[in-house]
Structures are given as structure tokens and as C-alpha cells.
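Note sheet for the following structure.
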Amino acid sequence: LARGKKNGLDYLFDLYEQCGKFLLEVQRISKERGEKCPTKVTNQVFRHAKYTGAVYINKPKMRHYVHCYALHCLDSDQSNHLRRVYKERGENVGAWRQACYYPLVAIARENNWDIEGVFNRNEKLKIWYVPTKLRQ
């Protein structure tokens, strides 16, 4: 039987969801031990993911594409449109990645928020650090 297979970006976005679950596990473990509890995906969360066998989660890549995931969470139609346009043009993923910055900045501007505000107001995004490029 043929199985449905996610394409690369869908798989990447699924990894962000998995990291959220690993954060919940780390928070539970920290509370049980009476330790300080992280509120964001930190190195501790990435180490826990690797310890539990999720060696496929690549911290630098997760940090590198977090703004693309943010756009996907905030406006999946616009995210999918950008993905389609860049794929049709035969552009590489780096060009698509760069293009994801501008809609996020526009979303923030339309709501009179800074980028931190965009991330902090969304359940899926508030656990991620805002990329340095967007803080400028």
C-alpha cells in the first residue's frame, strides 16, 4: 500500500510541533524534580529530544526556519502561496526562507505590534525565540 508522504516543508513544520511536545515533557520532568521550568524551546529541550531518540531534530535548522513556521501558523494561505510560487520558479529554499520575513513584518505592522508581540500572542509561537533578524 502506498503511504502518504509529507514534503520537506510539511515535515519541517511537523518537527516544530514535536519540539512543542518535547518542551511539555521537559516542563513536566522539571516540575517533578523541583527544578526551574523552561517556557521556551531551549538547548535543554533539544538535548531531551536527542536523548529520547529524536536525533533527526536539528537545532540550527529549527532556529534558521522559525520565522517560516511563524508565517505558516499565522497565515497558512499566504505561506502556502509563497511556497508554491517559489517552487514554480524553481527557486531554492533559501530564497523562499528570505521571502517569509516580509509578510511577518507586515502582520506585525498591521496590528501595531513588534515581532515579539506576534510570537507571544500565538500559542504555537510563544515557545520559540524570535529570530535576531526580525528584532532589528
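Note that the structure is predicted; figures quoted are calculated from it, not measured.
- Under the 3.5 Å distance criterion, the side-chain polar atoms of Y16 are matched with a main-chain donor or acceptor of M62.
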request  = Apply side chain to side chain contact (heavy atoms under 4.5 Å, CB included) to the pair L12 and K61, showing each step before the final yes or no.
outcome  = CA-CA 9 Å; L12 177 65; K61 186 177 282 188; 4.1 Å; yes
query = Are S79 and R83 close enough, and set up right, to give a side chain to side chain contact (heavy atoms under 4.5 Å, CB included), and what steps lead you there?
reply = CA-CA 6 Å; S79 172; R83 287 163 66 179; 4.0 Å; yes
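- Across all non-hydrogen atoms, the minimal contact from A95 to N92 is N-OD1, 2.9 Å.
- Both W113 and V130 belong to a common hydrophobic cluster when Ile, Leu, Val, Met, Phe, Trp and Tyr are linked at side-chain heavy-atom distances under 4.5 angstrom.
- Atom CD1 of I115 and atom CZ of R109 lie 8.5 Å apart (nearest 0.5 Å).
- F13 is connected to V85 through a chain of hydrophobic side-chain contacts under 4.5 Å among Ile, Leu, Val, Met, Phe, Trp and Tyr, so both are in one cluster.
- Rounded to the nearest 0.5 angstrom, R47 CZ and K50 NZ are separated by 11.5 Å.
- Here the CG atom belonging to D14 is positioned 9.0 Å from the OH atom belonging to Y69, to the nearest 0.5 angstrom.
- Closest approach of A99 and L82 over heavy atoms only: O-CD1, 3.9 Å.
- Going from atom CD of E116 over to atom CG of D114 covers 6.0 Å, rounded to the nearest 0.5 Å.
- In plain terms, the two heavy atoms of V118 and L125 that are nearest each other are O-CD1, 4.5 Å.
- Under a hydrophobic-cluster definition in which Ile, Leu, Val, Met, Phe, Trp and Tyr are linked whenever side-chain heavy atoms come within less than 4.5 Å, directly or via other members, V55 and L15 are assigned to different clusters.
- Residues V26 and P38 come closest through the heavy atom pair CG1-CG, 3.6 Å.
- Counting non-hydrogen atoms of neighbouring residues, nucleotides and ligands closer than 6.0 angstrom, the NZ atom of K40 exceeds 12 such neighbours.
- A donor-acceptor distance shorter than 3.5 angstrom exists from the side chain of N111 to the backbone of I107, with no hydrogens or angles considered.
- Note on Y51: it does not cluster hydrophobically with L23, by side-chain heavy-atom contacts below 4.5 Å among ILVMFWY residues.
- The aromatic rings of H67 and Y101 sit parallel, their planes meeting at an angle under 30°, below the 60° perpendicular limit.
- Between the side chain of K124 and the backbone N or O of A70 there is no donor-acceptor pair closer than 3.5 Å.
- Pairing each heavy atom of Q78 with each of L71, the nearest pair is OE1-CD1, 4.1 Å.
- Between E32 and R28 a salt bridge is recorded (basic side-chain N to carboxylate O distance below 4.0 Å).
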task = Go through the steps to decide whether R84 and H81 satisfy the test side chain to side chain contact (heavy atoms under 4.5 Å, CB included), and finish with yes or no.
result = CA-CA 5 Å; R84 208 171 16 259; H81 174 72; 4.1 Å; yes
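- Listed here is the closest heavy atom pair of G20 and I127: CA-CD1, 3.6 Å.
- Atom CD of E123 is surrounded by 12 or fewer heavy atoms from other residues, nucleotides or ligands within 6.0 Å.
- Hydrophobic clustering (side-chain heavy atoms under 4.5 Å, transitive across Ile, Leu, Val, Met, Phe, Trp, Tyr) groups Y86 together with Y11.
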request  = Check the pair W96, K87 against side chain to side chain contact (heavy atoms under 4.5 Å, CB included), reporting the backbone distance first and the verdict last.
outcome  = CA-CA 9 Å; W96 166 78; K87 186 173 185 170; over 6 Å; no
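- Separating the CD atom in E91 from the CZ atom in R97 is a distance of 14.5 Å, to the nearest 0.5 Å.
- Taking the six-membered ring where tryptophan is involved, the planes of F46 and W128 are tilted, since the angle between them lies from 30° to 60°.
- The aromatic rings of H48 and F22 lie perpendicular to each other, with more than 60° between the two planes, well past the 30° mark.
- Looking only at distances, no side-chain donor or acceptor of K126 sits under 3.5 Å from a matching main-chain atom of R121.
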